[in-house]
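Worksheet for the structure shown next.
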Amino acid sequence: MSDPAPWRRPAEDGPGPAEQHWQSEREYRTLTYEVDGRIARITFDRAEQGNAITPDTPLDLAHAVERADLDPRVHVIVVSGRGKGFCGGYDLAAFAEQAIPNHDPNQTWDPMVDYAMMSRFTRGYASLMHADKPTVAKIHGFCVAGGTDIALHCDQILIAADAKIGYPPTRVWGVPSAGLWAHRLGDQRAKRLLLTGDSLSGREALEWGLAIEAPEPDELDARTEHLLERIAAMPVNQLMMVKLALNSALLAQGVQNSRTISTVFDGISRHTREGYSFAERSMEVGFRQAVAERDGPPFDDAGPSTNKNPRDPHHPEEQS
């Protein structure tokens with residue numbers, strides 16, 4: 001008797017030649033990679049540092065995505081993080097607390113050196129958007145600052161209802177280099193967040209259309225696996241065609257142009273009077289304290305909080 005649905009035949013047993021080659025070529029410093037049936041799982045693995053981004057992160061990520069793209073077994077790629085959250089942004093305790101090349105206010109700043117550095121980070125994250133196969137972000141705990149540059153490049157975002165997502169560094173010392181907020185949320189909602197540095201909860205991210213689901217934290221794994229199973233059941237060529245077709249509309253909106261402009265302004269934001277002052281403060285008292293001061297009054301949302309109006313008596317956090 002013939003298979004009634006031959007397009008759902010099991011994935012090939014064992015890695016093919018391409019996978020064997022990629023498997024032996026790189027040892028990841030910031031993440032782990034595994035293939036589970038038709039699903040490639042990329043997991044950030046610096047839990048004690050909040051999965052903070054280092055110069056190795058975009059290289060590891062781009063390599064792992066390409067590895068999944070070349071593996072004939074893989075139909076879908078999921079990105080997540082170990083520990084308390086998805087990704088807390090750049091490891092700025094290393095960058096902000098010490099003098100680094102091309103960031104000395106007493107010397108000439110070369111904006112193109114800065115752009116070359118930051119654009120390479122962003123190209124690594126953009127591998128998730130430009131991958132042939134669908135990419136899914138599973139967010140728990142927090143996804144802030146540079147972490148959003150990674151997540152917003154994914155085709156689908158699932159986020160725990162109580163998680164925090166946003167880009168607080170627009171308050172000082174940062175512009176999101178991915179340039180994706182307006183493309184994902186529309187003009188007014190993107191400006192609502194980036195003109196204040198406010199963040200969304202997972203529930204709000206779902207309401208605003210930034211995420212496709214926002215289950216309760218204890219249901220996040222199950223809901224993600226449910227979506228992955230459904231995507232993985234599709235023929236991989238169908239997935240590739242649909243993603244390419246839909247990406248054509250997204251790219252026609254000017255994603256690359258937004259990315260270039262945002263990356264340039266991200267560099268400029270770190271070399272303004274206020275940007276230098278923030279870096280100097282970080283060297284004086286430590287980055288965590290400088291961030292706590294940045295996110296203090298009138299914002300009052302340091303740490304896991306997503307409170308955007310602490311003086312509003314109708315705000316749910318005021319009633320709890």
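Computed from a prediction, not measured in an experiment: that's the story for all the values here.
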Sequence neighbours excluded - salt bridge (charged side-chain N to carboxylate O under 4.0 Å, His left out) pairs with any residue from residues 153-163 = Asp155-Lys243
Can you list every salt bridge (charged side-chain N to carboxylate O under 4.0 Å, His left out) pair that touches residues 129-153, not counting sequence neighbours?
-> Lys138-Asp221
The criterion is side-chain contact (heavy atoms from CB on, under 4.5 Å); which residues satisfy it with [X], sequence neighbours excluded?
X	value
Pro215	Glu213, Glu219, Leu220, Arg223
Arg123	Ser119, Arg120
Gln253	His183, Leu250
Leu194	Tyr167, Thr170, Pro176, Trp181

Decide whether [X] and [Y] meet the rule of one side-chain donor and one side-chain acceptor closer than 3.5 Å.
X	Y	result
Arg82	Thr32	yes
Arg273	Ser277	no
Ser199	Thr306	no

By ring-ring contact (aromatic ring centres under 6.0 Å, His included) - contacts of His271 (at least two apart) =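 If we apply the ring-ring contact (aromatic ring centres under 6.0 Å, His included) test to His271, skipping adjacent residues, the hits are His103, Trp109, Tyr276.
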Please name all residues satisfying ring-ring contact (aromatic ring centres under 6.0 Å, His included) with Phe44, sequence neighbours left out, ordered by chain then number.
-> Phe86
For [X], give me all partners under side-chain hydrogen bond (donor to acceptor under 3.5 Å, both in side chains), at least two apart in sequence or on another chain.
X	value
Asp60	Arg26, Thr30
Ser269	none
Gln188	none

May I ask you to check whether over 12 heavy atoms, not counting those of Phe265, lie within 6.0 Å of atom CZ?
-> no
Does any non-hydrogen side-chain atom of Thr57 lie less than 4.5 Å from one of Phe121?
->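 The answer is no, as the side chains (C-beta and beyond) never meet within the 4.5 Å cut-off.
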So which residues get pulled into Leu59's cluster when ILVMFWY side chains under 4.5 Å apart are joined, directly or through others?
-> none
So Tyr28 and Tyr33, would you call those rings parallel, tilted or perpendicular, with 30° and 60° as cut-offs?
->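 Because their plane-to-plane angle lies in the 30° to 60° range, the rings of Tyr28 and Tyr33 count as tilted.
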